[in-house]
Amino acid sequence: LADGAARSLAGGAARGSARGPAAGPRDGGPGQPVLDPRAVREYRDRLRGIDAELGRLAADDADRADPLRSERDWLLAQLSSAAGLGGRARNFADEGERARVAVRKAIRRALARISDADELIGEHLSQCVRTGTRCSYWPR
């Protein structure tokens, strides 16, 4: 779906036109990284500290090592989720992308309800309805 069509289907056409086609960096729009450079730097510094601390702990000191490993796993997950292709900083989705996702989810929920009511029709629609940049029905 084009941005305007997706926003319209998602119920956000009025909001999108008032703010313009794309949100700015302050409101979580394009250009706003999921983690800012300072947070990434602090997370990496903490990871180095945890690794050093784990290296100093005795192998049988699980009481102190387990919480450190948990924190390390959480930090790695946060850094991983904030990185895009090639390790570049991932930005928040723009309004058009959020609208496309909302429309895709709404279509999938509708298809699931149809499948609950009539399995044969639901299966046919699940195979023939395409979502993405544009939504379409391609009967087989």
For [X], salt bridge (charged side-chain N to carboxylate O under 4.0 Å, His left out) partners two or more places apart:
{"X": "Glu53", "value": "none"}
{"X": "Asp116", "value": "none"}
{"X": "Arg64", "value": "Asp61"}
{"X": "Arg48", "value": "Asp45"}

Using the test side chain to side chain donor-acceptor pair (under 3.5 Å), find all partners of [X] that sit at least two apart in sequence or belong to another chain.
{"X": "Ser70", "answer": "none"}
{"X": "Asp51", "answer": "Arg72"}
{"X": "Glu42", "answer": "Arg38"}
{"X": "Arg130", "answer": "none"}

So, taking the atom named [atom1] in [X] and the one named [atom2] in [Y], what distance separates them when rounded to the nearest 0.5 Å?
{"X": "Leu47", "Y": "Leu75", "atom1": "CG", "atom2": "CG", "answer": "4.5 Å"}
{"X": "Arg109", "Y": "Ile114", "atom1": "CZ", "atom2": "CD1", "answer": "13.0 Å"}
{"X": "Gln78", "Y": "Ser80", "atom1": "CD", "atom2": "OG", "answer": "9.5 Å"}

Per-pair distances, 0.1 Å, donor-acceptor, side chain in residues 117-128, under 3.5 Å, sequence neighbours excluded:
unit_1	atom_1	unit_2	atom_2	d
Asp118	OD1	Leu120	N	3.1
Asp118	OD1	Ile121	N	3.1
Glu123	OE2	Gln127	NE2	2.6
His124	NE2	Tyr137	OH	2.8
Ser126	OG	Gly122	O	2.9

- Query: Is it the case that one hydrophobic cluster holds both Val101 and Ile107, taking links as side-chain heavy atoms less than 4.5 Å apart, direct or via other members?
  - Reply: no
- Message: Restricting to non-hydrogen atoms, name the atom on Cys135 and the atom on Val103 that form the minimum distance, rounded to 0.1 Å.
- Response: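 The pair with the smallest heavy-atom distance is SG-CG1, 4.3 Å.
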- Determine the minimum heavy-atom distance between Val129 and Arg108, stating which atoms define it. O-NH2, 3.7 Å
- Query: Who pairs with Ala112 by side-chain contact (heavy atoms from CB on, under 4.5 Å), at least two apart in sequence or on another chain?
  - Reply: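 So Ala112 forms no side-chain contact (heavy atoms from CB on, under 4.5 Å) with any residue.
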- By side-chain contact (heavy atoms from CB on, under 4.5 Å), Asp66 pairs with (sequence neighbours left out) Ala62, Arg69
